[in-house]
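Report on the following structure.
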Amino acid sequence: SICHSNPYDRDPFTHELHPVCTCSCVNISDPDGRSTSSEINKFDDMMHHLATTGTCRQVIAVDKSLELFHRAWCVAEIAEAKRLDMTQSLQLLSKATMQQRARTLENLDVRSMEASSEKDKELI
């Protein structure tokens, strides 16, 4: 959340901390992501909302090493957008990069992907 504090998230170009919101919202601490008031567990609702607006499309910017496909939440978002028939656009450094690394993508398994917490992988 960007409300009230930002101890570490920096702009990649200026290296300055991103500004914080000064709203009166209360941040919900919810390590398990199961609280109804938590922002964290709204993934399905938000993806559905974005898909039903009809104007949202997903741009998938893939890094050279294809690490994106080893991040559980990134793959979950791509899969959910596909399931919801959102327009998707895959942006690669080059077609050759994808062809060279195709084998690493053939056997993707969320259980072996990275996530900020084990609870995240369980939710996915």
Side-chain angles (χ1 to χ4, degrees):
S1 173
I2 61 168
C3 295
H4 315 299
S5 69
N6 179 15
Y8 60 88
D9 192 22
R10 295 186 177 274
D11 181 289
F13 298 107
T14 67
H15 302 290
E16 294 178 14
L17 287 173
H18 287 292
V20 297
C21 173
T22 58
C23 70
S24 60
C25 293
V26 175
N27 289 343
I28 307 298
S29 178
D30 182 25
D32 293 334
R34 301 192 190 284
S35 167
T36 57
S37 56
S38 172
E39 298 171 7
I40 305 301
N41 65 2
K42 304 300 187 275
F43 176 78
D44 293 334
D45 295 335
M46 182 55 72
M47 290 297 293
H48 183 265
H49 171 73
L50 293 172
T52 57
T53 64
T55 59
C56 184
R57 71 184 193 125
Q58 183 181 52
V59 177
I60 306 161
V62 183
D63 56 307
K64 186 177 181 178
S65 62
L66 306 184
E67 284 301 309
L68 168 88
F69 297 109
H70 297 284
R71 300 291 306 165
W73 278 116
C74 294
V75 173
E77 185 177 309
I78 293 167
E80 185 66 5
K82 176 73 173 168
R83 189 185 75 76
L84 294 169
D85 282 331
M86 286 177 70
T87 301
Q88 294 174 298
S89 175
L90 187 68
Q91 302 296 314
L92 302 165
L93 180 64
S94 71
K95 187 176 180 179
T97 298
M98 187 63 98
Q99 291 171 332
Q100 292 167 354
R101 307 280 319 242
R103 287 218 181 263
T104 63
L105 301 176
E106 290 176 355
N107 298 310
L108 290 177
D109 185 338
V110 73
R111 294 170 294 192
S112 62
M113 291 180 187
E114 298 174 27
S116 298
S117 72
E118 199 58 38
K119 292 284 185 190
D120 281 350
K121 286 184 5 180
E122 290 173 19
L123 287 170
I124 296 168

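For this chain, numbers begin at 1 and follow the sequence in order.
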Hey, can you pull the donor-acceptor pairs under 3.5 Å for the side chains in residues 74-86, sequence neighbours left out?
| residue | atom | partner | partner atom | Å |
| --- | --- | --- | --- | --- |
| Glu77 | OE2 | Gln58 | NE2 | 3.2 |
| Glu80 | OE1 | Arg83 | NE | 3.1 |
| Glu80 | OE2 | Arg83 | NH2 | 2.8 |

My understanding is that only residues two or more places apart in sequence, or in another chain, count here; which of them pass salt bridge (charged side-chain N to carboxylate O under 4.0 Å, His left out) with Glu114?
Arg71

Taking only residues two or more places apart in sequence or in another chain, which ones pass side chain to side chain donor-acceptor pair (under 3.5 Å) with Asn107?
none

Hits for side chain to side chain contact (heavy atoms under 4.5 Å, CB included) against Ser89, two or more places apart or cross-chain, chain-then-number order -> Arg57, Gln91

Minimal heavy-atom distance between Leu90 and Phe69, with the atoms involved, is CD1-CZ, 4.4 Å

Identify whether Ile60 and Leu93 are in the same connected component of the hydrophobic contact network (ILVMFWY, side-chain heavy atoms under 4.5 Å).
no

Under 3.5 Å donor-acceptor pairs involving side-chain atoms of residues 96-103, not counting sequence neighbours:
| residue | atom | partner | partner atom | Å |
| --- | --- | --- | --- | --- |
| Thr97 | OG1 | Ser94 | OG | 2.9 |
| Arg101 | NH1 | Ser65 | O | 3.3 |

Is there a path of hydrophobic side-chain contacts, each under 4.5 Å between heavy atoms of I/L/V/M/F/W/Y residues, joining Leu68 to Leu66?
yes

Holding to side chain to side chain contact (heavy atoms under 4.5 Å, CB included), I want the full list of residues that pass it with Ser112, two or more places apart in sequence or in another chain.
Asp109

Please report the interatomic distance NE2(His48) to OG1(Thr53), rounded to the nearest 0.5 Å.
10.5 Å

